[in-house]
Amino acid sequence: MTQEKWTAVDRYFTDMLVPPDPLLEAVLQASSAAGLPPHNVSPNQGKLLMLLALIHKARTILEIGTLGGHRRAGQALDTLPQLAAEGCAPFDLIFIDADKPSNPDYLAWALKLSCRGSLIIADNVVRDGAVIEANSRDPKVQGVRRFSEMLGSEPRVEATAIQTVGSKGYDGFAIALVTSE
Ligand code: DHB
Ligand code: MG
């Protein structure tokens, strides 16, 4: 199997099942023109998130997403306590898709900002399979490994992780249901 085939299959399903969204297209073009990396989720992954939000009847959704980079990560870690202080929590669905070295911190915040029944979803936890490399020197790999360990030992959640291939390559996402406060 090749990247070319994964991309073609993504296009096949996206063309059939995910109608183009002009506003979303404009946002993606603007972010690419501004030199931001192409870290957006693929359209069919985005549709999965939308369906999960609908199935879950989520009314409050928090996206912890920074499009990469430590400067912005600092901002995310600044804004999360502000959200907590402002009483915006709990959120029904929290999507973690920011800089990967901070994933353990983001999970801690997601748990603080959730309640029983909240869904916590994290993108890019497989990283081309590098997640299994215990001695990896890549801080992103160590971030997603620590994140997975935290999920595994966290008594308040039931979680799993799913590997994916597609136009964005070989990666995967973790999904956790908060089962107790
Ligand atoms: C990276 C981050 C993402 O959110 C993504 O979808 C792909 C890659 C990264 O930081 O490498
Ligand atoms: Mg991502």
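For ligands, and for the atoms within them, numbers begin at 1 and follow the listed sequence. For the single chain, residues carry numbers from 1 onward in sequence order.
- Remark: the D99 side chain and the S102 side chain contain an N/O donor-acceptor pair separated by less than 3.5 Å.
- Side chains of S42 and N44: a donor on one and an acceptor on the other come within 3.5 Å.
- Residue contact annotation: R127 has a non-hydrogen atom under 4.0 Å from ligand 1.
- Between the Mg ion (ligand 2) and N40 there is no N/O/S contact shorter than 2.8 Å.
- The N, O or S atom of D97 with the smallest distance to the Mg ion (ligand 2) is OD1.
- Neither the backbone nor the side chain of N40 comes within contact range of ligand 1; no heavy atom lies under 4.0 Å.
- Atoms CZ and CZ, on F95 and F173 in that order, are 9.5 Å from each other to the nearest 0.5 Å.
- Here the options are K140, K168, K100, the test is side-chain hydrogen bond (donor to acceptor under 3.5 Å, both in side chains), and the partner is N124; only K100 passes.
- Close approach to D123 involves these atoms of ligand 1, each under 4.0 Å from a residue heavy atom: 6 (O).
- In terms of N/O distances under 3.5 Å, ligand 1 is not approached by D171.
- Nearest to the Mg ion (ligand 2), among the N, O or S atoms that D123 has, is OD2.
- Within the listing of ligand 1, atoms 2 (C), 3 (C), 4 (O), 5 (C), 6 (O), 7 (C) sit less than 4.0 angstrom from a heavy atom of N124.
- Counting non-hydrogen atoms of neighbouring residues, nucleotides and ligands closer than 6.0 angstrom, the CD atom of E181 exceeds 12 such neighbours.
- Heavy-atom contacts from other residues, nucleotides or ligands closer than 6.0 Å to CG of L51 number more than 12.
- Residue-level proximity to ligand 1 for K100 is carried by the side chain, the only part with a heavy atom below 4.0 angstrom.
- In the model, T60 has a side-chain atom that pairs as donor or acceptor with a side-chain atom of D92 under 3.5 Å.
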